[in-house]
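Have a look at the structure below, then the notes.
Residue numbers begin at 1 in each chain, while the letters A, B, ... track the order of the sequences.
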Amino acid sequence: MVIIVGWAAGGRGHSVALTEAGAATAPPLATRIVPLAQLPGVIAAREASGPKPRWVWHDTAQWYPALLAAGVTIERCHDLRLCHAILHGSELAAARALHSGGVGESVWDAPPAPQLLTPPPPPHAASALFDIDDFGVSTAHGSARAQDATADETAPASAVEALAEWRRQTAAVAEGSAPERLRLLLAAESAGALMAAEMHAAGLPWRAEVHEHLLVATLGPKPVAGALPERMELRARAVRSALGEPELHLESQPRLLRALHRAGLMVESTSRWELRKHTHPVIEPLLEYKTLARLLSANGWAWLEEWVHAGRFRPTFVPGGVVTGRWASSGGGALQLPKQLRQAVLPDPGWALITADVAQLEPRVLAAMAGDAAMAAAGRGADLYEGIVASGAVDTREHAKLAVLGAMYGATTGESGRLVPRLRRAFPDAMRLVDRAAGAGERGEGVTTWLGRSSPPPGARWRTVQAAATQPGAGAAEERRARQSARDRGRFTRNFIVQGTAAEWALCWMAEIRLRLAALGDVPAASAAPRSGPAFARRAHLAFFLHDEIIVHAPREQVDAAASAVREAAASAGRLMFGGSSVDFPLELHLQHGASET
DNA sequence: CATGATAGCGCG
DNA sequence: AAAGCGCGCTATCATG
């Protein structure tokens with residue numbers, strides 16, 4: 001059972017049509033028109049009684065945050081925008097069915113709506129009334145897109161168009177070459193959309209005073225506006241005196257580079273990795289200065305002020321934001337938080353944080369995709385790289401890691417490139433899979449992940465370069481350029497199938513965690529953590545996700561059950577995607593308890 | 001004054 | 001100027 005959610009005809013911003021449907025090919029069962037203000041209540045009631053439907057809507061990021069602000073969560077959805085993007089490119093879908101007429105289906109091929117640049121107010125600040133602004137539809141990009149549509153019915157957010165698009169998508173999956181895999185991918189992607197909104201609503205527990213303490217300990221006391229922190233100022237002076245240039249401005253790379261040259265340091269850039277190779281009195285203070293400057297500009301007092309409110313860091317996660325299917329983020333640099341700052345991530349009193357990451361996810365996914373028994377065996381323990389050493393393919397863990405990364409990224413030179421052939425002998429099945437993906441990419445063909453996300457086709461510029469090399473008058477320069485860009489694309493497609501399938505595994509894992517945590521239900525009001533917002537104040541929930549790592553925030557009463565859920569979900573994700581594969585996905589799991597409640 | 005490109009560095 | 005993939009963000013500098 002699905003329920004299509006969209007604006008009623010002529011009701012944009014005021015009334016919502018809820019259309020129940022069974023089979024996509026049969027007429028809808030019933031349609032109910034609901035005033036917008038009543039939507040959370042209606043959805044909550046439907047979730048609470050009887051079998052839970054799959055809610056089908058055009059864009060989770062537009063509809064769900066307001067439900068969450070009202071304290072309402074749903075179990076399952078189908079995000080038409082994200083699913084369209086997958087099906088549109090997928091070699092496993094029936095493209096004809098996706099574009100089989102229907103009014104306004106082309107709106108689904110438009111580029112995704114830009115993300116909001118400013119974070120929405122924290123849930124506790126949101127109006128208790130359920131007003132239109134909470135839906136995001138009347139805000140910047142939502143209204144722009146809506147007004148662009150000539151008629152309500154052909155806008156993606158209308159119930160009529162959502163139903164039509166859902167039918168096209170269902171057909172594109174059913175008539176494609178691997179309906180089960182695509183169905184799993186679309187369900188996982190849609191669950192990801194829910195989780196992204198939920199994690200934003202709940203936020204990552206962040207102790208500003210711990211962060212501030214770290215800043216003071218590293219940089220010195222918070223400087224007055226316009227001044228450098230004490231420790232940076234000291235390092236800057238040491239650099240200027242080592243170079244004998246008291247007026248030097250360190251933030252300007254060209255000027256710094258010229259000063260280094262005048263001091264006899266003939267580097268070609270001011271980057272860390274190159275400076276490190278030289279010996280000179282300026283190197284140490286300069287590298288230290290750069291480290292401090294990075295901390296200050298990326299995650300200093302200004303960052304704290306902008307991104308941490310009421311004990312939570314709330315980044316905007318962007319599901320499907322990367323071509324491979326990985327998530328991107330927008331605002332706050334959520335995916336680049338320096339490890340150093342993890343100290344500030346601490347559970348609320350009476351709660352705990354569970355941090356879990358998958359050891360060597362990508363090579364394990366590769367072993368499973370390729371059905372490489374030798375590589376699966378090497379991964380049987382907790383550390384795949386040690387397993388590779390034990391297999392005799394290479395002599396040290398460091399070499400194993402270099403070789404594996406080189407195999408997945410397409411290294412040809414250096415230490416990594418030299419080690420890859422040894423891997424090719426030890427794990428021929430796995431290597432054949434990535435080598436074939438690279439070959440396809442070099443020829444301009446597409447590649448597809450395990451569940452069905454396909455690589456984007458080469459662009460016009462790439463094809464022009466290739467074509468130029470085969471022209472009668474083509475010279476060595478054209479050929480070299482063509483070979484270069486072919487190999488660049490080969491490295492991209494080689495990595496695409498692994499990175500993309502790993503992203504699918506992570507989505508399945510996380511979606512499974514989410515369902516298991518939801519099944520734990522609420523704890524007593526006495527244990528509530530209101531800062532997590534009305535939807536999650538009394539339930540274990542996901543708080544953060546980073547490619548192969550998750551953080552769960554759980555009330556003390558649910559910690560053990562939540563940790564089990566995280567572990568069991570990993571095993572479940574492996575089975576769901578790879579069936580009877582013998583590849584393990586071991587987790588590294590850490591528990592952190594908050595202070596006792598007083 | 002705004003926009004775009006580049007360098008550099010953080011994450012997986 | 002990374003060998004070898006995918007990102008986001010900040011600061012600077014060039015261009016419109």
Report all interatomic pairs (protein N or O, nucleotide N or O of nucleotides 3-7 of chain C) with separations under 3.5 Å.
{"residue": "dA3(C)", "atom": "O3'", "partner": "T413(A)", "partner atom": "OG1", "Å": "3.1"}
{"residue": "dG4(C)", "atom": "OP1", "partner": "T412(A)", "partner atom": "N", "Å": "3.0"}
{"residue": "dG4(C)", "atom": "OP1", "partner": "T412(A)", "partner atom": "OG1", "Å": "2.4"}
{"residue": "dC5(C)", "atom": "OP1", "partner": "R491(A)", "partner atom": "NE", "Å": "2.7"}
{"residue": "dC5(C)", "atom": "OP1", "partner": "R491(A)", "partner atom": "NH2", "Å": "3.3"}
{"residue": "dG6(C)", "atom": "O4'", "partner": "Q499(A)", "partner atom": "NE2", "Å": "3.2"}

At a cut-off of 3.5 Å, list every protein nitrogen or oxygen paired with a nitrogen or oxygen from nucleotides 2-5 of chain B, distance to 0.1 Å.
none

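With sequence neighbours excluded, the residues that form a ring pair (Phe, Tyr, Trp, His ring centres under 6.0 Å) with W450(A) are F578(A). Residues meeting the salt bridge (Lys or Arg N to Asp or Glu O under 4.0 Å) test with E305(A), sequence neighbours left out: none. With sequence neighbours left out, the side-chain hydrogen bond (donor to acceptor under 3.5 Å, both in side chains) criterion links E189(A) to R453(A). Here Y409(A) pairs with nothing under the ring pair (Phe, Tyr, Trp, His ring centres under 6.0 Å) rule; sequence neighbours left out.
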Going by atom type alone, with no hydrogens or angles, which donor-acceptor pairs under 3.5 Å involve a side-chain atom of residues 210-222 of chain A and a protein atom two or more places apart or on another chain?
{"residue": "H211(A)", "atom": "ND1", "partner": "W206(A)", "partner atom": "NE1", "Å": "3.2"}
{"residue": "H211(A)", "atom": "NE2", "partner": "N299(A)", "partner atom": "O", "Å": "2.9"}
{"residue": "T218(A)", "atom": "OG1", "partner": "L214(A)", "partner atom": "O", "Å": "2.7"}

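Between F427(A) and L366(A) there is no side-chain heavy-atom pair separated by less than 4.5 Å. Residues L361(A) and W509(A) have side chains not in contact (no heavy-atom distance under 4.5 Å, counting atoms from C-beta outward). In this structure, the side chains of V498(A) and L433(A) stay at 4.5 Å or more apart for every pair of heavy atoms. A 4.5 Å side-chain heavy-atom check between M375(A) and D429(A) finds every atom pair outside the cut-off. The shortest side-chain heavy-atom distance between R425(A) and R422(A) falls under the 4.5 Å cut-off. In this structure, L265(A) and I283(A) have side chains that are in contact, with non-hydrogen atoms separated by less than 4.5 Å. No side-chain heavy atom of H590(A) sits under 4.5 Å from any side-chain heavy atom of L353(A).
Spacing of P atoms, dG4(C) relative to dA5(B), comes out at 26 Å, to the nearest Å. Here, dT6(B) and dA1(C) have their C1' atoms 14 Å apart, quoted to the whole Å.
Note on R489(A): nothing from the nucleic acid sits closer than 4.0 angstrom, heavy atoms only. Within 4.0 Å (heavy atoms only), R494(A) reaches no atom of the nucleic acid at all. At the heavy-atom level, L337(A) lies under 4.0 Å from the strands shown only through sugar-phosphate atoms.
Q466(A) places a side-chain N or O within donor-acceptor distance of the main-chain N or O of A482(A), the cut-off being under 3.5 Å.
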Worksheet, complete the sentence: Annotated structure of DNA chain C as dot-bracket, pair cut-off 3.5 Å, Watson-Crick or G-U only, | for inter-strand, is ....||||||||||||
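Remark: P of dG8(B) and CZ of R276(A) are 14 Å apart, rounded to the nearest angstrom. To the nearest angstrom, P of dA11(C) lies 16 Å from CZ of R255(A). Rounded to a whole Å, the CG atom of L546(A) is 12 Å from the C1' atom of dG8(C). The CD atom of Q253(A) sits 13 Å away from the P atom of dA1(C) (whole-angstrom rounding). In this structure, L256(A) places its CG atom 15 Å from C1' of dC13(C), rounding to the nearest Å. Note: CG (L341(A)) to P (dG10(B)) measures 12 Å, nearest angstrom. In this structure, D548(A) atom CG and dC11(B) atom C1' are separated by 11 Å, rounded to whole Å. One interatomic measurement links the two molecules: CH2 of W307(A) to C1' of dT10(C), which rounds to 14 Å at whole-angstrom precision.
Taking for each of P254(A) and W303(A) the nucleotide of DNA chain C with the nearest heavy atom, the 5'-most of the two is the partner of W303(A).
Within residues 445-462 of chain A, no residue has any heavy atom closer than 4.0 Å to DNA chain B. Contacts between residues 207-234 of chain A and DNA chain C, defined by a heavy-atom separation below 4.0 Å, involve no residue at all. Residues from residues 287-300 of chain A with heavy atoms under 4.0 angstrom of DNA chain B, sorted by number: K290(A), R294(A).
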Worksheet entry | Pair E268(A)-K277(A), salt bridge (charged side-chain N to carboxylate O under 4.0 Å, His left out): steps then yes or no | CA-CA 12 Å; E268(A) 286 178 27; K277(A) 295 188 297 197; over 6 Å; no
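Note on R342(A) versus E549(A): salt bridge recorded, some NZ/NE/NH1/NH2 to OD/OE distance being below 4.0 Å.
Between W303(A) and F313(A), the gap from one ring centroid to the other is short of 6.0 Å.
The aromatic rings of H84(A) and H88(A) sit parallel to each other, their planes meeting at less than 30°, with 60° as the upper class boundary.
Contact check, T270(A) against dG8(B): a side-chain N or O comes under 4.0 Å of OP1 or OP2.
R487(A) CZ: 12 or fewer foreign heavy atoms inside a 6.0 Å radius.
Applying the side chain to side chain donor-acceptor pair (under 3.5 Å) test to pairs two or more places apart or on separate chains, those with a residue in residues 281-293 of chain A are R235(A)-E288(A), E251(A)-Y289(A), R272(A)-T291(A).
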